[in-house]
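I have placed the structure first, in the form of structure tokens, so that the comments after it can refer back to it.
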There are 2 protein chains.
Amino acid sequence: MKATLRLDDQLCFALYAASRAMTATYRRLLEELGLTYPQYLAMLVLWERDSLTVGELGEQLLLDSGTLTPLLKRLESAGLVSRVRRPEDERSVLITLTDAGRALRDKANPIPDQLLCQTGMAPEDVIQLREELKTLTARLVTDTSNEGNTP
Amino acid sequence: MKATLRLDDQLCFALYAASRAMTATYRRLLEELGLTYPQYLAMLVLWERDSLTVGELGEQLLLDSGTLTPLLKRLESAGLVSRVRRPEDERSVLITLTDAGRALRDKANPIPDQLLCQTGMAPEDVIQLREELKTLTARLVTDTSNEGNTP
DNA sequence: CGCAATTAAATTGTGCACAATATATATTTT
DNA sequence: AAAATATATATTGTGCACAATTTAATTGCG
């Protein structure tokens with residue numbers, strides 16, 4: 001059977017709509033932390049392992065310096081991270097949490113549960129969907145016809 | 001069990017990464033049509049039902065005029081659609097395909113199958129994932145704590 | 001060593017998303 | 001009918017994404 005051009009049939013649109021709805025949900029949760037959703041993702045990575053280079057952060061988030069540099073400058077302006085050139089290799093920039101950045105983690109702690117609640121899904125269903133999405137991402141990213149892609 | 005702050009555990013990030021990977025895949029497919037991915041979505045709606053107002057288009061795509069107006073102006077510059085005020089209500093703007101816009105559908109026809117191929121997924125699995133995502137979107141959007149959201 | 005090639009970030013430019021506001025037209029109320 | 005209200009789109013401003021280019025530092029090679 002041939003796939004159609006109907007909007008309703010497109011996996012891509014279901015994905016795109018869900019991703020935007022999810023970001024909108026986070027926007028409200030993150031408002032009081034003063035973070036945007038992509039900034040929150042960067043903070044998640046830093047809370048797990050502090051002092052990463054821009055490149056290492058980008059590897060986790062699948063984002064390049066064109067996106068991360070201005071985002072990290074905003075986090076720096078907000079007093080949450082510091083950006084310093086690595087002495088042993090001045091090409092890379094180390095991103096390190098400030099005390100305020102580390103402290104923000106406490107305010108972020110309830111967010112994952114709040115979000116789970118908003119999805120109205122059973123935790124095991126969330127896990128299954130999440131893993132399906134990871135598989136899909138891996139297939140789309142590693143596809144050979146994808147060579148030369150960002151980042 | 002408590003949900004964690006680990007990036008790897010987040011449904012939101014799996015969704016965000018998958019959506020961006022999907023868009024990147026489309027970017028290559030759409031290059032020869034001269035369309036961006038959101039422009040392609042708008043064209044999908046118009047190919048299904050021509051002559052829609054900006055608002056009706058936004059209802060389908062869950063986008064507001066702040067996003068659509070400039071996008072549609074670019075489609076107009078590309079000669080694919082026309083934008084004219086509705087005579088019976090000059091507040092709304094009718095978006096109508098040009099001959100070139102209608103003709104572009106032929107070039108778009110193979111795309112859904114090409115994409116299905118790139119996902120490496122069985123069609124029935126794609127359908128199931130798509131419907132799960134629609135359910136999730138509906139839950140996130142209709143959530144009462146979501147009132148006052150865009151659009 | 002000296003220089004080409006490589007690597008890491010930053011910069012520039014385009015196109016979304018989306019909040020907030022403005023503008024213009026239509027409808028309702030008084 | 002005039003004023004108030006509502007509706008539809010457009011505009012403005014911020015913050016991503018991402019391609020392409022630039023800048024600066026490091027590595028490799030002859």
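In what follows, chains are A, B, ... by sequence order, proteins preceding strands, each numbered from 1.
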Atom-to-atom span, [atom1] of [X] to [atom2] of [N] - whole angstrom:
X: A/D64; N: D/dC18; atom1: CG; atom2: C1'; result: 6 Å
X: B/L63; N: C/dG15; atom1: CG; atom2: C1'; result: 13 Å
X: A/Q39; N: C/dC18; atom1: CD; atom2: P; result: 16 Å
X: A/L57; N: C/dA8; atom1: CG; atom2: C1'; result: 14 Å
X: B/L30; N: C/dC16; atom1: CG; atom2: P; result: 12 Å
X: B/R20; N: C/dG15; atom1: CZ; atom2: C1'; result: 16 Å
X: B/Y40; N: C/dC16; atom1: OH; atom2: P; result: 15 Å

query: Nearest nucleotide by nearest heavy atom, which residue falls closer to the 5' end of DNA chain C, B/P70 or B/S65?
result: B/P70

query: Can you list, by residue number, the residues of residues 5-13 of chain B that have a non-hydrogen atom closer than 4.0 angstrom to DNA chain C?
result: none

query: Out of D/dT11, C/dC18, C/dG15, which has the shortest distance to the side chain of B/K73?
result: D/dT11

Modelled atom types, side-chain donor and acceptor of [X] and [Y], under 3.5 Å:
X: A/T98; Y: A/S82; answer: no
X: A/E124; Y: A/Q128; answer: no
X: B/Q114; Y: B/Q118; answer: no

- request: Residues of residues 80-94 of chain A with any non-hydrogen atom less than 4.0 angstrom from an atom of DNA chain D: list those, numerically ordered, please.
  value: A/D89, A/E90, A/R91

Sub-4.0 Å heavy-atom contacts from residues 46-54 of chain B onto DNA chain D, ordered by number: B/T53, B/V54

message: Please verify the inter-ring angle class for B/Y40 with B/Y26; under 30° counts as parallel, over 60° as perpendicular, anything in between as tilted.
response: tilted

